[in-house]
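For reference, the structure is listed below as C-alpha cells.
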Amino acid sequence: MLPIIFIAVAIIFLYCLLIYAYSRGFENCPSYTPSNQNPSHISATILIPCRNPSEQLHILFQQLKHQLSDNHTCEILVIDDFSNNEINIEAQENCKLIQLKNHQPQLSQNKNNKKEAIALGVSLASHEYIICLDSDVSLSENWWLVISNFIHDKKPKFAAGLHRYKKENNWLNDFLVLEQDILTASSIAALQLRIPTMCNGANMLFSKQAFVEVNGYEGLYHVNGGDDLFLYHRIYKKFPQETLYIKNLKATVYSSAPKSITELFNQRSRWISKTTHYENNWVNVQGGIILAASVLSIISIPFLPLVIMIKVLSDVFYARKINRYYGNQCTILNLIVQSFCYPFYVLAVIFYRLREG
C-alpha cells in the first residue's frame, strides 16, 4: 500500500506543480496593447481554407470587409478544399477564391487537406504576413486593429491569437467554454515558460519567410490535421524569441462548440491522433502528467480522498484566475463539479479513441 501512496502523491505533486507553473506563466505573460489606432498601413494576406462552409463564411467575409474598409492593400484568399458545392463569395477586388483540387489533383477529398490548402495559399500570397482563419469563425469587433498593430510592433515569425467558444445556455457548452479558455491560457503560459504546447489554427499568423525556412509542412502531409501545432513547433524551434501569443481579448475569434457528445468525442479523437507525430515532446510530457492525474483521481476516490481534494483545490484555484481574465461568470460549486467530472471525461475520450483505432 505504501508504494501506491508514494506514487499517488508524486503524481499529484507533479500535477500541482504544473498547474502552478501554468498560473505563474499566464500571469507573467504581458498583455498586448495596440500602439496605433489606424492600422491601414499594414499589409497582409488573410487565408481562409474551407470545405463545405456554412453561412458563417459569408458573415466572416462581411466582418473582414468592414474591418479592412480603410485598407486597400490586404488580400483575402479563400481556398476551396474539395467542397461538395460551389462556394459563392461576393466579388471584391481584394478577394480571390482558389480551388485546391485544381492545383493539387493528387490529393484525396476524403482526407483533411488543410495543410495543403495553407501551403498553396502561402505560395500564392502577395504579402509577407499570412493570417489564417477558419471559415466558421466570427471576429471580435477590434480584431484587425489588434492583429495589425501586433504585426507592426512585434514583427513576429509566428503568433497565435485567442480562440473561444460562443456561449449557449446548456451545461455541455458551459463545460466546453471553460475547458477551451483554460486550454488557451495554459498554452499562453507554456510558451511564456518556453515549453510550448498548443495553439489554434482558427486564428494564427506567420511570416512567409519563416514558413519557407522551416520547410512548411514537408514530411507531415501524411498526418491528418495538425496544420497549427506542427507549424507552431517548427517555427518556435528556429525562431523561439519571435514566436508569440497575442494576449488580448480584443483579438479573439469565436466559433460554436460541439453540440453533442458524439461530435465532441470525434473532435477530441482527431486531436489525440496527432500526438505521436509531434516534433516537440513537451506536449506529450505535459499531457502525460494530466492523464496520469486523471487516472489517479478515479482510482483513488474511495482510498485517497485527501489526494483528490488537493487536485481539485489546485484546479479551482487555477480556473478562478483564468475566469477572472476572461470575465466568465462561474460559481465555485460549478468549478468543483467540473473538476470532479474532468478525469472521467478525459478517460472517456481516450477509450473512444482506442475503440476507433
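Note that this is a predicted model, so its numbers are computed, not measured.
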Polar side-chain atom of K250 near backbone of S140 as donor-acceptor pair, under 3.5 Å: no

Side-chain heavy-atom pair L77, T45 within 4.5 angstrom cut-off: yes

Which atom of H233 lies closest to which atom of P196, heavy atoms considered: NE2-O, 4.1 Å

Joint cluster assignment, V212 & I235, ILVMFWY side-chain distance < 4.5 Å: no

In one Ile/Leu/Val/Met/Phe/Trp/Tyr side-chain cluster, 4.5 Å: F344, I261: yes

Between CD1 on residue I7 and CD1 on residue I11, distance to nearest 0.5 Å: 7.0 Å

From CA spacing to verdict: side-chain hydrogen bond (donor to acceptor under 3.5 Å, both in side chains), Y318, S186: CA-CA 10 Å; Y318 183 49; S186 300; 2.9 Å; yes

Flag if over 12 foreign heavy atoms under 6.0 Å of CD, E263: yes

Working for ring pair (Phe, Tyr, Trp, His ring centres under 6.0 Å), residues F26 and Y325: CA-CA 10 Å; F26 184 75; Y325 174 76; 5.1 Å; yes

Derivation of the side chain to side chain contact (heavy atoms under 4.5 Å, CB included) call for F211 and F158: CA-CA 9 Å; F211 186 89; F158 183 99; over 6 Å; no

Smallest separation among heavy atoms of S255 and V137, with atom names: CB-CG1, 4.3 Å

Step-by-step side-chain hydrogen bond (donor to acceptor under 3.5 Å, both in side chains) determination, D181 to N323: CA-CA 8 Å; D181 286 348; N323 271 344; over 6 Å; no

Heavy-atom side-chain proximity of C132 to F206 below 4.5 angstrom: yes

Nearest heavy atoms of A293 and Y15, plus distance in Å: CB-CD1, 3.5 Å

K114 with D227: basic N within carboxylate O range, under 4.0 Å: yes

Exam field: side chain D228 to backbone G201, donor-acceptor pair closer than 3.5 Å: yes

Side-chain donor or acceptor of N334 paired with backbone N/O of C330 under 3.5 Å: no

Contact check, side chains of R353 and R270, non-hydrogen atoms, under 4.5 Å: no

Student check: side-chain heavy atoms of I332 and R320 closer than 4.5 Å: yes

Within one Ile-Leu-Val-Met-Phe-Trp-Tyr cluster: L313 and L333, side-chain cutoff 4.5 Å: no

Intermediate values then yes/no, side chain to side chain contact (heavy atoms under 4.5 Å, CB included), L178 and Q338: CA-CA 9 Å; L178 178 62; Q338 294 202 29; 3.3 Å; yes

Derivation and outcome, side-chain hydrogen bond (donor to acceptor under 3.5 Å, both in side chains), residues S126 and E75: CA-CA 8 Å; S126 303; E75 66 177 354; 3.1 Å; yes

Close side-chain approach of Q56 to S135, heavy-atom, < 4.5 Å: no

Approximate separation, where rounding is to 0.5 Å, of K321 NZ and E27 CD: 3.5 Å

Cationic N near anionic O, under 4.0 Å, K154 to E242: no

Atom pair CG (L64) and CH2 (W144), whose distance is rounded to the nearest 0.5 Å: 9.5 Å

N170 side chain vs N173 backbone, donor-acceptor pair below 3.5 Å: yes

Y236 vs Q241, side-chain hydrogen bond (donor to acceptor under 3.5 Å, both in side chains): CA-CA, chis, key distance, verdict: CA-CA 8 Å; Y236 174 82; Q241 301 304 320; over 6 Å; no

Exam field: side chain H152 to backbone S35, donor-acceptor pair closer than 3.5 Å: no

Heavy-atom side-chain proximity of L347 to I298 below 4.5 angstrom: yes

Closest approach of I246 to A251 (non-hydrogen atoms, all atoms of both residues): CG2-CB, 4.1 Å

Under 3.5 Å donor-acceptor, N203 side chain and L162 backbone: yes

Side chain to side chain contact (heavy atoms under 4.5 Å, CB included) evaluation trace for L183 with E179: CA-CA 6 Å; L183 285 174; E179 182 197 29; 4.0 Å; yes

From CA spacing to verdict: side chain to side chain contact (heavy atoms under 4.5 Å, CB included), M204, N200: CA-CA 7 Å; M204 68 178 183; N200 196 300; over 6 Å; no

Short side-chain to backbone donor-acceptor contact, K208 and A125, under 3.5 Å: yes

4.5 Å side-chain heavy-atom contact, T33 and V146: no

Spatial distance of atom CG (L205) from atom NZ (K157) [nearest 0.5 Å]: 12.5 Å

F230 and V223, any side-chain heavy atoms less than 4.5 Å apart: yes

Interatomic spacing from CD1 in I76 to CG in L133 - rounded to 0.5 Å: 9.0 Å

Q209 side chain to E128 backbone, donor-acceptor under 3.5 Å: no

Side-chain donor-acceptor pair present, N149, Y32, cut-off under 3.5 Å: no

Nearest heavy atoms of I48 and D134, plus distance in Å: CG2-C, 4.2 Å

Plane angle bin for W171 and F175 - parallel if under 30°, tilted between 30 and 60°, otherwise perpendicular: parallel

Backbone of Q180 reached by a side-chain donor or acceptor of T184 within 3.5 Å: yes

Shortest non-hydrogen contact from A185 toward Y326: N-OH, 4.0 Å

Straight-line distance of Y165 OH to Y254 OH, nearest 0.5 Å: 14.0 Å

A159 backbone acceptor or donor facing Y245 side chain under 3.5 Å: no

Whether over 12 other heavy atoms sit under 6.0 Å from K237 NZ: no

